[in-house]
Amino acid sequence: MPSAAPPTHRATTHTGTPKQQLGQEKQPPAAQRVYAHVKQAVLERRYEGGMLLTEGELAEAVGVSRTPVREGLLRLEVEGLIRLYPKKGALVLPVSVQEVEDVVETRLLVEQHAVRRAVPVSDALVARLEELLQEQRTHAASGDLPAFSAADRGFHATLVQATGNQILTRLYDQLRDRQLRMGVAVMHAHPDRVAKNIAEHADILRTLREGDTDAAARAVHQHVSRVRHLVRGDERTGGQSDLRGSGQGDDRASGQGDDRGDGR
């Protein structure tokens with residue numbers, strides 16, 4: 001069996017720093033940059049549901065050729081954020097009412113269990129939740145909705161992580177992208193939800209401090225259910241919810257009015 005080749009020595013400066021570290025750090029692969037660019041824009045609602053993205057526009061925006069654009073978009077299609085149309089582009093899929101229902105139902109099952117497990121609450125958990133509440137107030141004051149949504153989601157994720165159940169935590173983490181996207185959309189459509197979310201989080205924390213398990217579970221139920229109620233409210237008034245977008249993207253992409261809906 002041939003012996004392993006001796007390790008190669010990297011050229012260094014007199015301080016021992018590799019040459020490659022002296023210049024700009026190596027960028028991620030082109031397809032990964034396209035994937036990250038589009039995904040972040042969708043989650044932050046810069047690319048809204050119903051918007052048609054072309055390969056040429058994305059290649060120019062990211063500074064790559066069209067081949068890695070296709071690779072990055074294929075990953076996003078698997079994740080259910082877009083639908084590809086050959087020779088036309090990628091349609092950003094709106095958030096469907098059913099998706100909202102499914103996410104809310106899953107969150108209620110997980111988060112109500114988590115707050116019941118959290119009592120009696122530890123000092124470390126209280127301190128972390130207070131820190132996240134302050135982050136939300138800071139982002140609310142600056143009007144940074146994506147950052148606010150991330151801190152909002154972090155508040156809930158911290159409660160789930162506190163259960164110590166790794167399987168439950170991984171399950172909850174799978175909801176992350178959908179939570180962030182819905183959070184930004186709800187606050188764009190209902191700006192008053194920013195202050196209300198902070199107040200409701202403070203109420204959840206208060207009930208945990210008081211050791212009132214049932215009150216904490218009720219507070220979580222009322223808070224998490226708000227998204228469902230907001231979407232249903234849009235349905236009752238006949239308005240088009242900003243959660244779902246214009247709903248006309250399929251027609252523009254396919255060139256005809258079919259009945260496939262949003263495909264989610």
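Everything numeric in this text was worked out from a predicted model, so none of it was measured. Numbers for residues simply follow the sequence, beginning at 1.
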Using atom types as modelled and distance alone, determine if a side-chain donor or acceptor of E131 lies under 3.5 Å from a backbone N or O of A127. no

Where is the tightest heavy-atom contact between A30 and V64, given as atom of each residue plus distance? CB-CG1, 3.7 Å

Heavy-atom check, side chain of N197 versus side chain of F155, under 4.5 Å: no

When rounded to the nearest 0.5 angstrom, what is the spacing between CG in L93 and CD in E77? 8.5 Å

What salt bridge (Lys or Arg N to Asp or Glu O under 4.0 Å) pairs are there with at least one residue in residues 57-76, not counting sequence neighbours? E55-R70

Of all pairs that satisfy ring-ring contact (aromatic ring centres under 6.0 Å, His included), the ones with a partner from residues 27-53, not counting sequence neighbours: H37-Y47

Are R116 and D214 packed together at the side-chain level, in the sense that at least one heavy-atom pair is separated by less than 4.5 angstrom? yes

Tell me if a side-chain donor or acceptor on R33 pairs with a main-chain N or O of P28 at a distance below 3.5 Å. yes

Taking it one step at a time, do R107 and Q112 satisfy side chain to side chain contact (heavy atoms under 4.5 Å, CB included)? CA-CA 8 Å; R107 287 188 61 189; Q112 288 183 106; over 6 Å; no

Will you find, in the side chains of R83 and Y85, an N or O donor that is under 3.5 Å from an N or O acceptor? yes

Using every non-hydrogen atom in the two residues, find where I82 and A90 come nearest and quote the distance to one decimal. CD1-CB, 3.8 Å

Shared hydrophobic cluster, M187 / L132 (ILVMFWY, side-chain heavy atoms < 4.5 Å): yes

Side chain to side chain contact (heavy atoms under 4.5 Å, CB included) evaluation trace for R153 with H156: CA-CA 5 Å; R153 197 267 171 189; H156 294 271; 5.9 Å; no

Nearest non-hydrogen partners of A219 and I204, listed with the distance: CB-CG1, 3.8 Å

Salt-bridge contact D203-K196 (side-chain N to carboxylate O under 4.0 Å): no

So how far is it from Q98 CD to E101 CD, rounded to the nearest 0.5 Å? 6.5 Å

Ion pair present between K39 and D177, side-chain N to carboxylate O less than 4.0 angstrom? yes

Supply the atom-to-atom distance Q179 CD to Q174 CD, rounded to the nearest 0.5 angstrom. 11.5 Å

Is it true that atom CG of D123 has more than 12 heavy atoms of other residues, nucleotides or ligands lying nearer than 6.0 Å? no

Can you hop from L43 to L58 via hydrophobic side chains spaced under 4.5 Å? no

To the closest 0.5 Å, what do you measure between OG (S149) and NE2 (H188)? 9.5 Å

For the pair R193 and E200, find out whether any cationic side-chain nitrogen is under 4.0 Å from an anionic carboxylate oxygen. yes

How about L208 and V126: do any of their side-chain heavy atoms sit closer than 4.5 Å? no

Under a 4.5 Å cut-off applied to non-hydrogen side-chain atoms, are L129 and L159 in contact? yes

Any heavy-atom pair between the side chains of L230 and V186 that's under 4.5 Å? yes

Salt bridge R206-D212, side-chain N to carboxylate O under 4.0 Å: no

Is there a path of hydrophobic side-chain contacts, each under 4.5 Å between heavy atoms of I/L/V/M/F/W/Y residues, joining V104 to L109? no

Tell me whether V100 shares a hydrophobic cluster with V220, the cluster being built from Ile, Leu, Val, Met, Phe, Trp, Tyr side chains joined at under 4.5 Å. yes

Which residue pairs pass the side chain to side chain donor-acceptor pair (under 3.5 Å) test when at least one of the two sits in residues 132-146, sequence neighbours left out? Q136-H201

Go through the side-chain N and O atoms of Y172 and E111 and say whether any donor and acceptor fall under 3.5 Å apart. yes

Please give me the minimum heavy-atom distance between V184 and P146, naming the atom from each residue. CG2-CA, 4.0 Å

Closest heavy-atom pair and its distance - S225, L108: OG-CD1, 3.9 Å

Determine whether V194 and L145 make a side-chain contact, defined as any pair of heavy atoms from C-beta on separated by less than 4.5 Å. yes

Looking at side-chain heavy atoms only, is the closest gap between V38 and V42 below 4.5 Å? yes

How close do R181 and P94 get, counting heavy atoms only, and between which atoms? NH2-CA, 4.0 Å

Measuring from Q161:CD to L168:CG, what's the distance to the nearest 0.5 Å? 10.5 Å

Rounded at 0.5 Å granularity, tell me how far CG in L84 sits from CG in L73. 5.5 Å

Less than 4.5 Å apart, any side-chain heavy atom of L91 and any of M51? no

